[in-house]
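Input: a single structure, listed below in structure tokens.
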Amino acid sequence: MIRLEDLFVVFNPGTLLERVAVRGVNFTAQDGEVISILGNNGSGRSTLLRFLAGHIKSSFGKLWLDKTDITSQTLAERSAFFSGVFYDHDLTTAGNLTVLENLAIASIHHQERSLIEPAIPDGLREALIKQLRDLNFMEMEDLVDEKAVNISKTYRQVLGLMIAVIKGAQVLLIDEHSTGLDKESSRALLATTEKIIRSKKITTIMVVSDPKFAIEASDRIIVLNGGQVALNLGGEEKKNIKLEDLFASFNIPPQVKDIKLPVPQN
Amino acid sequence: MIDSIINVFSMSLAFALIGLNVYLSTKVLNITDITCDASVALGGCSYGALVVSGINPLVSFLIAVSFGVFAGFMTASIVSHIKVDPALASIITLVAMQTFITKLALIEELQTSKTFLTSVSAAGTFLLTLVVALAVTFLFFRMLNSEYGLAMRVNGGGQIISESLGIDSANMLWIGLGVANGLSALAGALITQISHSFSSIMGDGALVFGLAAVIIGETIIPPKTVRAAITGCFAGAFIYKTLIGAVMFSGAEIIGAEYHGIIISVALIFLMASLNDRKRLRGLL
């Protein structure tokens, strides 16, 4: 379970360029729950995801994983149980490694590494290829020896998902990973994404450009507007929501009045 | 004459090690590291000074390499602790090391009697260089394909990706720069042994040479795998060194020594043009 309490993210605090990107966001994601975050551009979706991943720091608020406060954990510490797949695939997969090497390094993440032991010992290669074959994604297993920079973006994002699977991540963060792909590839990628997060029961918080998919694939929908939560629908409420109402909520100012930033910690 | 030719081969092996340094820092770790120039001179001068003072050559080799590793650590610590850009950090190391290099180079004048430095024949030195270079390259190859090496290569892709796989960026930099500059110092020691002399300026331009070796190597053998990249370094260093050697030998009487530079660059342009045009030697590796 991850819980977000009164999260504020402020860029350039105390300067003329100060901008409050996330303004008092609260929500809880149960284990295995899939949450879609919707909203217009600039509503704070990506900032929220980047904070969760540990790329940027919060100005106020707390992040809990089960009963541990992980707010101040760095990207390196947090990534032991978080994994991300972002629009910028260079943040989640290593371009100068082959597909297989990417998977191999994910299998020994956060461990002591040997200077002598080969990274891909006998057996690991076959095991990893088998995992790709089981995934059954457009013959990806034939590309294992290609460098990740040389494979298409669709494969690269699937590689990001597989790294999360092999890392055994508890929480998966997805930010616009299908944006910029053609319709066919985008659909295939989203279908595989859904298959992976459902079969592995990974708690997922995702931002996807396709609202239809977001509604169908997720258990809960959170609409952000101006950095605040405008709607938070789960269960029955989520099932009954109409697409038009959802889109309308993107532009309605949130119910809560303008929240002031509390006195920052430290 | 025959000794000179053998020396060109030995030199190209030694310079290939500098190529490996440049490959490790620019291609694997993806940083600009200029410490190379200092560690070549440091390795060469300390090895020479120690041998001239009567220390066992093998021990001298090891001490020379450790000096290079130390130079690499110094750059890495400036980068990771004071958060200085690697290029500037290595310039700082370069300047600092110049003091030691100048002091060590003074010892060459003391060389009067026959020492290990001058008593080994050209063929013997070539054999020594070959064995050392092959052994070191094998270890280098093993390291880059180890779990650690893989992490090092991930680190070249940026801090976010490496940290998200639980890789300690600073640690990679320390080991990476340590190994890279240890290689350069070893190359420096070998160069001293091959040329029977050492000076404070022997490292100048080593980085440029290493870079040339890597780039020429990449043109001949596309660096698809680590093995191809390493082989490329050796091929590049050999071609570049042989080219320079050939011009030195043949051109000296015909056109005069001051025109060497222009001839070498014209020859390189022709070489690269012909390599780029032709179908590359793909199936080779």
Side-chain angles (χ1 to χ4, degrees), chain A residues 50 53-56 73-86 88-98 100-121 124 145-150 156 159-160 163-164 166-169 172-173, chain B residues 23-31 69 80 135-136 138-180 182-183 214 218 222-229 282 285:
Chain A
R50 282 173 64 202
H55 298 177
I56 50 175
Q73 280 193 357
T74 59
L75 167 62
E77 294 167 314
R78 222 178 263 184
S79 57
F81 33 83
F82 279 27
S83 201
V85 182
F86 298 121
D88 181 358
H89 45 234
D90 282 324
L91 300 180
T92 50
T93 52
N96 50 355
L97 267 62
T98 65
L100 198 71
E101 286 168 337
N102 265 290
L103 299 175
I105 195 88
S107 70
I108 49 167
H109 75 103
H110 291 87
Q111 285 175 20
E112 281 289 316
R113 294 181 187 79
S114 156
L115 258 170
I116 300 148
E117 290 294 314
I120 306 178
L124 184 64
D145 290 321
E146 287 290 331
K147 277 195 178 174
V149 274
N150 297 334
R156 191 118 183 229
L159 177 61
I163 286 177
I166 288 171
K167 270 172 77 178
L172 179 62
L173 305 164
Chain B
Y23 169 70
L24 185 56
S25 58
T26 59
K27 302 286 171 182
V28 175
L29 293 170
N30 205 4
I31 56 169
V69 174
S80 59
V136 166
F138 176 71
L139 290 177
F140 184 73
F141 175 72
R142 279 295 294 269
M143 185 195 79
L144 279 188
N145 276 307
S146 72
E147 297 173 353
Y148 210 94
L150 217 55
M152 223 180 251
R153 284 157 65 199
V154 173
N155 199 37
Q159 202 180 351
I160 291 190
I161 168 66
S162 75
E163 286 192 6
S164 70
L165 289 165
I167 295 161
D168 183 354
S169 242
N171 198 349
M172 294 299 137
L173 200 66
W174 274 76
I175 301 291
L177 287 182
V179 169
L183 279 169
V214 171
E218 275 186 356
K224 274 191 156 181
T225 59
V226 173
R227 191 191 309 170
R282 269 190 205 287
L285 283 151

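Convention: sequence-line order gives letters A, B, ...; per-chain numbering from 1.
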With a 4.5 Å cut-off on heavy-atom pairs, point out which of A/Leu97, A/Ile120, A/Asn150, A/Thr93 contacts chain B the most. A/Leu97
Please determine, among B/Leu150, B/Asn145, B/Val28, the option with the most heavy-atom pairs under 4.5 Å with chain A. B/Leu150
At a heavy-atom distance under 4.5 Å, which candidate from A/His109, A/Lys147, A/Glu146, A/Glu117 has the highest pair count against chain B? A/Glu117
Scan side-chain atoms only and decide if A/Asp145 and A/Thr98 contain a donor-acceptor pair under the 3.5 Å cut-off. no
Among B/Ala151, B/Gly149, B/Gly156, B/Gly158, which has the most heavy-atom pairs under 4.5 Å with chain A? B/Ala151
Check whether any side-chain heavy atom of B/Leu165 lies under 4.5 Å from a side-chain heavy atom of A/Lys167, and answer yes or no. yes
Options A/Pro118, A/Ser114, A/Gly84, ranked by heavy-atom pairs under 4.5 Å with chain B, top entry: A/Ser114
Report which part of A/Ala106 has an atom under 4.5 Å of a heavy atom belonging to chain B: side chain, backbone, both, or neither. both
How close do B/Ile167 and A/Arg113 get, heavy atom to heavy atom, and via which atoms? CG1-NH2, 3.3 Å
So what's closer than 4.5 Å to chain B heavy atoms on A/Ile108: side chain, backbone, both or neither? side chain
Between A/Asp90 and chain B, with a heavy-atom cut-off of 4.5 Å, which part of the residue counts as in contact: side chain, backbone, both or neither? backbone
Any side-chain to backbone donor/acceptor pair from A/Ser79 onto B/Glu163? Under 3.5 Å, distance only. yes
B/Glu147 and A/Gln111, any side-chain heavy atoms less than 4.5 Å apart: no
Flag the pair A/Gln73 / A/Phe81 as yes when at least one side-chain heavy-atom distance between them is below 4.5 Å, and no otherwise. yes
Residue part contacting chain B, namely of A/Thr74, when any heavy atom lies under 4.5 Å: neither
Quick one: which of B/Arg153, B/Met143, B/Arg142 has the most heavy-atom pairs under 4.5 Å with chain A, could you say? B/Arg153
Under the criterion side-chain contact (heavy atoms from CB on, under 4.5 Å), which of B/Ile31, B/Val179, B/Leu177 is the partner of B/Leu24? B/Val179
